[in-house]
Every structure is written in C-alpha cells, then in structure tokens.
Amino acid sequence: MTLAYPNPVFTGAQAEGLDGVTAAATILSEVDGAGGRLVLRGRPVEELAGKLTYEEAASFFWGDILRVPRGAELTARFAEARATAARALPVLQAASPKLGTYELMRLGLSALASEGADEDPVVLCGSLPVFLAAGWRMSQGLAPVMPDLNLNASQDMLRMLTRKAPDARAAAAIDRYLVTILDHGFNASTFTARVIASTGADMASAVIGAMGALKGPLHGGAPGPVLDMLDAIRTPDRAEHWIERALKDGKRLMGFGHRIYRTRDPRADVLKAGLAELPSNAGRLLLAQAVEQAALAALARHKPDRPLQTNVEYYTAVMLEAAGLDRSLFTPLFAVGRAVGWCGHVAEQRATGRLIRPASRYVGPVAA
Ligand code: ACO
C-alpha cells in the first residue's frame with residue numbers, strides 16, 4: 001500500500017527500517033556486517049556448514065537454550081517428528097487445491113499445534129520437511145510419500161520429494177544449505193518470531209508468523225527470482241546489457257545487497273563452495289559467475305555510495321538448482337532451516353520477560 005500523502009516521520013533511513021537500532025542482546029548469532037562474518041553460537045558459519053548435518057547443527061545451536069535432547073537422541077526425535085507430521089497429512093490433503101507448498105506447510109504446523117505440539121520445537125521443525133515434500137507433491141497433483149525414519153531429514157526430504165533413493169551429494173548440499181541459513185541475527189522473520197513470542201503466544205504461532213515475514217522477496221523470497229533472472233539473461237554475453245537495462249528501469253537485482261553486510265555475505269561463499277561438491281552444470285555456473293560480475297560492476301556504478309554485494313540468496317539459487325530442487329521449493333526450504341533459529345529466539349525472548357512494543361509518532365490530522 002502506498003500512502004496517499006508524504007509521511008514526514010518516515011524520512012530518515014533509520015526511521016524507515018530500524019537500521020542500526022539494537023533491539024535486544026542475543027547469544028545465538030552475530031552478524032558482523034563490516035567484517036563479513038557470521039558466527040553461530042561462537043563458531044564461524046564456515047566451521048559448521050558442510051560439516052554438520054541439519055540435526056547435528058540444531059543440537060549444537062539449541063544447546064542449553066531449549067529443553068531438548070542432544071546429539072543422536074535429538075536426531076531420533078527429529079525422525080519421530082516426521083512420523084507425527086505424516087499423521088497430519090490428511091489435513092493437507094483436505095485443503096483447497098489452490099494452496100501452494102508454503103501455505104500447506106503453515107497449515108501442517110497449525111494442525112500439529114492444535115494437537116498439542118504448539119510448544120515442541122523438535123516437532124515443529126522436524127515436521128517441516130514432510131510438509132514441504134508432501135505439499136510440493138500435492139501441488140503437482142502427486143500423492144505424498146511417507147517418511148523413512150532411518151534417513152536423516154535432508155536425505156528423507158529428497159526421497160519424499162522424488163520417490164527415489166536420495167542422492168548422497170544432493171542431500172549433503174541440502175544439509176550444507178540448512179546449516180548455513182540456520183540463524184542470522186535480527187533479520188525480519190526472526191524479529192517477527194520474537195515479537196510474537198514477547199506477547200506470550202505459543203511457539204507454533206511465532207514460527208508460523210515468522211514464515212509470513214520470510215516469504216517476501218526482500219527476505220527469503222529472492223532465490224527463485226534469481227533463477228528467473230538467469231533464465232532471462234540466458235547467455236553470459238547478454239549479462240551486462242540486461243542488468244544495465246534492469247537498473248535503468250528501477251528494478252532491484254535479486255541476490256544482491258543486504259541491510260547489514262557492507263561486504264560480501266559470507267554465506268554466499270559457503271554455498272558457492274558447496275557447488276563444487278555437486279555434479280557440475282558448467283554452462284549454468286559460467287552464466288551465474290558472469291551475471292554476478294556484471295551485476296557487481298553495474299551496482300558499483302549505479303550506487304557508488306552504497307556497497308552492494310552478493311548476498312546468500314544468489315548462490316542459494318544456483319546451488320539448490322544444482323542439487324536438483326525445483327525453484328518453488330527454495331523459500332519453503334529456507335523456512336525449514338531458519339525454523340531452528342526462530343525457536344531458539346523464542347526461548348531467548350521469553351527469558352527477557354518483556355513485551356516488544358515500540359512507539360510511533362502520530363502525524364495525521366487532528367480534529368479541531
Ligand atoms: N538492486 C538494485 N538496487 C539495490 C539493490 C539491488 N539488489 N539493493 C539495494 N539497492 C538500492 C536501493 O534501491 C536503494 O536505492 P535508493 O536509495 O535509490 O532507494 C539503495 O540501494 C540502498 O539500499 P539499502 O539501504 O542497502 O537496501 P536495504 O537495506 O533497504 O535493503 C535488501 C536490503 C532488501 C536486501 C536489498 O538490497 C534488496 O532488495 N536486494 C534484492 C532482494 C534480495 O536479494 N533479497 C534477499 C536478501 S538476503 C536475505 O534476506 C536472506
């Protein structure tokens with residue numbers, strides 16, 4: 001919605017988007033925008049992604065914050081959560097065929113919450129791979145595939161999507177991705193989760209609300225459009241011209257820029273490294289690199305005062321495509337990983353015991 005009149009309050013960058021406002025202290029993650037570093041519970045993301053599975057990373061991340069088992073016991077609980085989710089699938093099957101994967105995931109969480117899982121982070125997070133796979137298959141007119149509790153979440157998600165034994169390299173790439181995006185300071189969806197938690201609402205409500213914030217193209221909705229851009233550009237030689245025209249038309253280039261990072265998003269490199277472990281599509285990689293180079297050069301000319309660099313979404317798109325995932329699954333998969341972060345933040349927010357309730361300044365008309 002556009003305001004019908006210029007609002008004098010929203011003139012400074014800070015007022016517009018809370019830039020630079022410290023809303024709380026956290027022990028969960030640190031985003032060092034100037035240094036281009038991301039630290040999760042004390043460890044740089046590069047030390048975790050590509051080394052831990054999603055379940056192992058959740059165990060490490062939740063640590064003493066949430067009352068859940070650790071290590072192998074937590075992995076087993078994640079598998080049980082998939083069985084719990086499978087029992088809720090009739091709710092998804094009864095829903096309108098118009099609902100997409102993301103909406104079906106939210107519906108699945110609501111169904112589980114009403115069955116008593118509203119405060120169980122393992123069920124809430126562990127069910128999402130089942131809802132993602134079943135939701136996607138249903139949106140394609142296909143029957144859902146039941147989980148195999150002997151696999152880990154990434155392997156089983158691939159199996160439930162494709163009905164085939166999961167490819168080990170693709171599953172490892174999904175694990176790498178999920179760990180890379182597990183948590184990231186006070187991004188919009190995490191802040192949303194904390195606002196909801198601060199009202200005393202249940203954890204499921206915080207996760208479902210955060211999914212709403214994540215969906216937008218300025219946050220978690222960008223990677224699909226990154227591939228749309230690569231498709232539109234088609235060949236490396238067309239990159240420069242296409243990008244110049246897009247910027248001239250006032251478009252934002254998906255996969256570039258970040259509110260906090262003033263240098264390259266470290267997650268982009270972690271994911272680019274993951275590409276090397278997947279069967280290569282040399283043509284696509286060449287195109288991605290040419291577009292990245294052309295975009296960085298054009299953005300530097302277009303916004304010389306604002307360092308706009310590659311963000312996580314760019315190589316998310318390229319890597320997940322190489323892992324064989326449909327682009328409509330990128331944002332749903334983001335929610336699977338980030339839900340672990342959201343649940344940690346819900347616990348941390350509750351520990352503060354404080355309602356988040358900022359002020360606003362009324363600048364509208366006053367009756368005489
Ligand atoms: N392409 C073109 N111009 C851009 C881009 C971009 N990708 N990013 C920022 N700009 C421009 C803005 O339009 C703005 O111009 P203006 O001053 O003339 O209005 C200027 O650069 C300054 O922008 P910022 O203040 O740095 O941007 P902001 O912090 O508001 O937004 C955001 C950050 C939303 C990520 C932005 O860079 C963007 O829209 N990127 C494209 C979408 C994207 O990649 N989203 C995923 C983000 S990563 C994540 O959330 C997981």
Side-chain angles (χ1 to χ4, degrees), residues 2 6 10-21 29 31 33-34 36 38 40 45 49 177-193 210-230 232-233 239-240 242-271 288 291-320 327 330-342:
T2 318
F10 298 137
T11 48
Q14 203 177 63
E16 280 168 3
L18 299 179
D19 304 31
V21 174
S29 60
V31 182
L38 166 62
L40 299 171
V45 66
Y177 169 71
L178 294 174
V179 176
T180 302
I181 53 87
L182 210 67
D183 195 47
H184 202 245
F186 267 40
N187 59 86
S189 57
T190 299
F191 187 59
T192 303
M211 281 184 73
L214 183 73
K215 193 179 174 191
L218 301 191
H219 189 11
V226 167
L227 290 190
D228 297 340
M229 174 174 74
L230 295 185
I233 295 175
E240 206 178 312
W242 192 97
I243 282 166
E244 280 301 343
R245 217 189 41 216
L247 290 176
K248 221 172 259 163
D249 291 347
K251 293 197 178 118
R252 288 190 177 211
L253 302 178
M254 293 292 132
F256 298 90
H258 198 272
R259 177 59 62 84
I260 307 286
Y261 291 121
R262 287 295 159 253
T263 174
R264 196 177 167 82
D265 184 334
R267 300 169 299 173
D269 287 328
V270 172
L271 297 178
V291 170
E292 184 183 18
Q293 257 179 23
L296 292 177
L299 286 167
R301 282 194 300 275
H302 178 70
K303 287 271 161 221
D305 313 334
R306 188 68 159 180
L308 293 170
Q309 297 284 336
T310 315
N311 67 41
V312 66
E313 302 287 32
Y314 194 75
Y315 280 103
T316 289
V318 184
M319 190 188 79
L320 292 181
R327 68 190 67 180
F330 296 171
T331 306
L333 193 62
F334 198 160
V336 173
R338 186 55 61 82
V340 171
W342 295 331

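For ligands, and for the atoms within them, numbers begin at 1 and follow the listed sequence.
Atom 36 (C) of ligand 1 has its nearest heavy-atom neighbour, among Arg338, Arg252, Arg262, Gln309, in Arg252. Comparing His219, Arg267, Lys303, His302 by heavy-atom distance to atom 46 (C) of ligand 1, the nearest is His219. When the heavy atoms of Asn311, Leu308, Asp305, Ile243 are ranked by distance to atom 8 (N) of ligand 1, first place goes to Leu308.
In terms of N/O distances under 3.5 Å, ligand 1 is not approached by Phe334. Backbone and side-chain nitrogen or oxygen atoms of Ala222 are examined, and none is located within less than 3.5 angstrom of a nitrogen or oxygen of ligand 1. The shortest N/O to N/O separation between Glu313 and ligand 1 does not fall below 3.5 Å.
Taking the six-membered ring where tryptophan is involved, the planes of His184 and His258 are perpendicular, since the angle between them exceeds 60° and thus also 30°. The aromatic rings of His219 and Phe334 lie perpendicular to each other, with more than 60° between the two planes, well past the 30° mark.
When non-hydrogen atoms are compared, ligand 1 lies under 4.0 Å from the backbone of Leu218 as well as from its side chain.
Considering every non-hydrogen atom in both Arg259 and Asp19, the closest pair reads NH1-OD1, 2.9 Å. Summarising the geometry of Trp342 relative to Ser189, their closest heavy-atom pair is NE1-OG, 3.1 Å, with the distance given to 0.1 Å.
At the shortest separation from atom 30 (O) of ligand 1 among protein heavy atoms lies Arg259 NH2, 3.1 Å. Atom 6 (C) of ligand 1 has as its closest protein heavy atom Leu253 N, 3.5 Å. Looking only at protein heavy atoms, the nearest one to atom 26 (O) of ligand 1 is Arg306 NE, 2.6 Å.
Using a 4.0 Å heavy-atom cutoff, Asn187 is absent from the residues neighbouring ligand 1. Under a 4.0 angstrom heavy-atom cut-off, Leu299 registers as being in contact with ligand 1. Within the 4.0 Å heavy-atom shell around ligand 1 one finds Pro217. Ligand 1 is never approached by Asp19 to a heavy-atom distance shorter than 4.0 Å.
Side-chain atoms of Asn311 come within 3.5 Å of backbone atoms of Gly257 as a donor-acceptor pair (strictly under, hydrogens ignored).
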